[in-house]
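Proteins come first, then strands; the chains are lettered A, B, ... in the order of their sequence lines, and each starts at number 1.
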Protein chains: 2
Amino acid sequence: MRKIDPEKHAARRQVILDAAIACFARKGFHGTSTAEICAEAGMSPGNLFHYFPTKHAIIAAIVEEERQETADFFRELHEAPDLFAALLGFMDAAMGLAADPVYSSLALEIAAEAMRDERIGALVAANDAEMRAALSALIRAAHARGQIDTAIDPEAGARWIAALIDGIFGRIAVDPGFKPDQEGATMHLLLTRFLRPPRDAASASSDAAEIG
Amino acid sequence: MRKIDPEKHAARRQVILDAAIACFARKGFHGTSTAEICAEAGMSPGNLFHYFPTKHAIIAAIVEEERQETADFFRELHEAPDLFAALLGFMDAAMGLAADPVYSSLALEIAAEAMRDERIGALVAANDAEMRAALSALIRAAHARGQIDTAIDPEAGARWIAALIDGIFGRIAVDPGFKPDQEGATMHLLLTRFLRPPRDAASASSDAAEIG
DNA sequence: TAATTATTAGATTGACTACTCTAACAAATA
DNA sequence: TATTTGTTAGAGTAGTCAATCTAATAATTA
């Protein structure tokens, strides 16, 4: 008998995923036919459906791939001496990804699909929760080292940092004048003012008073 | 002969638009068939296509409707005595809209469609440019009154405020724990620290130094 | 009232959809 | 070598899609 070669199998799956990513970024999930993915991947529908049972399974695999990549990125982040600087580095990396039109189109498409299809929604929500958990852990560690203002609640801070990342992708989608490589300075200023510990106790408490 | 009654005509169009909004929010633009819109609107396809030549024209009309509403909102904003407070009010209103699942689904769907269809993309970009122009004008006026830090460039500031709004909708899409009515305080803190004039000149310049 | 035209219904069309089926081919084991 | 089984192709299926067409009806004006 013959056994399945896991490496070859995975490589073949990846060919399909890469083709699907290109198509979904170009025309969206529902705007792409399985025939188009077949053409991009250079294979027959019989072959494609040998590796994925449904079109839905393809986008689910893409979301899972995404999760892996984000998790890998965070694994290295905690070793940095200055955690606030590490956070800025993470945000710069997010800007770099957003600058890639394929990546940003895909991210937006997945977010939209998450609202329509609750199976995708659950996967995306899990990814997001994982990222926010890493971010709030980073904030907590930075609190201990005095690198981020303890007035910032770790969970709330993580949420708004995540919102800012979502916002970057939103800008790419609707604002052709938003150039990631020129917007880094303002983003750093925003994050610095939002998160950095105040120089003296008085100014921190007066900020808090203003938001009442 | 018989002339077209503009009021009746507009009302009938609105029935279709409202039905389409409900459908698009539920299942997305490409996930919704014209037959579904007909069912929701309670009319035949012949009738629907009497008022809109294509399905695309329907979503285009929805985007235009959106533009009107945003413009109306900004018209009143400039008369406020405290422009920073007015901005916070605007952001609170955005959070209120985002809390409506129909509105937020639709906004995300339109953003995703803007990346796929350049005709929609152009409409959405025009809306966004209009909103950012209003925001930067508000920042400039606030500069003159000392209500917003002059270290914030009006255009860059407007871009990142817009990014924050996009981010709110992103949170709604992927983070079920994001409750708009509980996140206002952190948002106000972020905006206050980002935009408010510093209490003394020294701290403003030291912020600037940190982002180098 | 007669003529005109806006409005509406609903069956229909041809293209397209995700996916299946059958069968051939290729590789690896016994 | 013989056999098993993973891999591939491509025609085919049942159904859906946006949009059209024909024709009937309702409202307005002359």
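Checked against side-chain hydrogen bond (donor to acceptor under 3.5 Å, both in side chains), A:Y51 has no partners two or more places apart in sequence or in another chain. B:D117 pairs by the salt bridge (charged side-chain N to carboxylate O under 4.0 Å, His left out) definition with B:R119, not counting sequence neighbours. For the side-chain hydrogen bond (donor to acceptor under 3.5 Å, both in side chains) test, no residue two or more places apart in sequence or in another chain qualifies with B:D153. For A:H30, the side-chain hydrogen bond (donor to acceptor under 3.5 Å, both in side chains) test picks out A:E113, with sequence neighbours left out.
The pair A:R193-B:D149 counts as a salt bridge, with a side-chain nitrogen and a carboxylate oxygen less than 4.0 angstrom apart. A salt bridge does not link B:E109 with B:K27: none of the charged nitrogens is closer than 4.0 Å to a carboxylate oxygen.
The distance between atom CD1 of B:I16 and atom P of C:dT7, rounded to the nearest whole Å, is 11 Å. Atom CD1 of A:I4 is separated from atom P of D:dT8 by 11 Å (rounded to the nearest Å). Between B:M43 atom CE and D:dA24 atom P the separation is 22 Å, expressed in whole Å.
Distances shown here put every side-chain N or O of A:H50 at or beyond 4.0 Å from the OP1 or OP2 atom of D:dT8. Taking only side-chain nitrogens and oxygens, A:N47 comes nearer than 4.0 Å to OP1 or OP2 of D:dA9. Side-chain N/O atoms of A:Y51 include one lying less than 4.0 angstrom from OP1 or OP2 on D:dT8. Distances shorter than 4.0 Å separate none of the side-chain N or O atoms of B:R12 from OP1 or OP2 on C:dA6. Listed pair A:H9 / D:dT7 meets the phosphate criterion, a side-chain N or O lying under 4.0 Å from OP1 or OP2.
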Donor-acceptor pairs are to be reported for all side-chain atoms of residues 68-79 of chain A against protein atoms at under 3.5 Å, with residues two or more places apart or in another chain.
| residue | atom | partner | partner atom | Å |
| --- | --- | --- | --- | --- |
| A:T70 | OG1 | A:E66 | O | 3.1 |
| A:D72 | OD1 | A:R75 | NH2 | 2.7 |

Show me the side-chain donor-acceptor pairs of residues 81-89 of chain B shorter than 3.5 Å, one per line, residues at least two apart or across chains.
| residue | atom | partner | partner atom | Å |
| --- | --- | --- | --- | --- |
| B:D82 | OD1 | B:F84 | N | 3.0 |
| B:D82 | OD1 | B:A85 | N | 3.1 |

I'd like to compare against my own output: the B/S/- annotation of nucleotides 12-23 of chain D with a strict under-4.0 Å heavy-atom distance to protein.
-----SBBB---

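Applying the side-chain hydrogen bond (donor to acceptor under 3.5 Å, both in side chains) rule to pairs touching residues 39-50 of chain A yields A:R26-A:E40, sequence neighbours excluded.
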Could you go over nucleotides 28-30 of chain C and give all protein N or O partners under 3.5 Å, atom names and distances?
| residue | atom | partner | partner atom | Å |
| --- | --- | --- | --- | --- |
| C:dT29 | O4' | A:M1 | O | 2.8 |

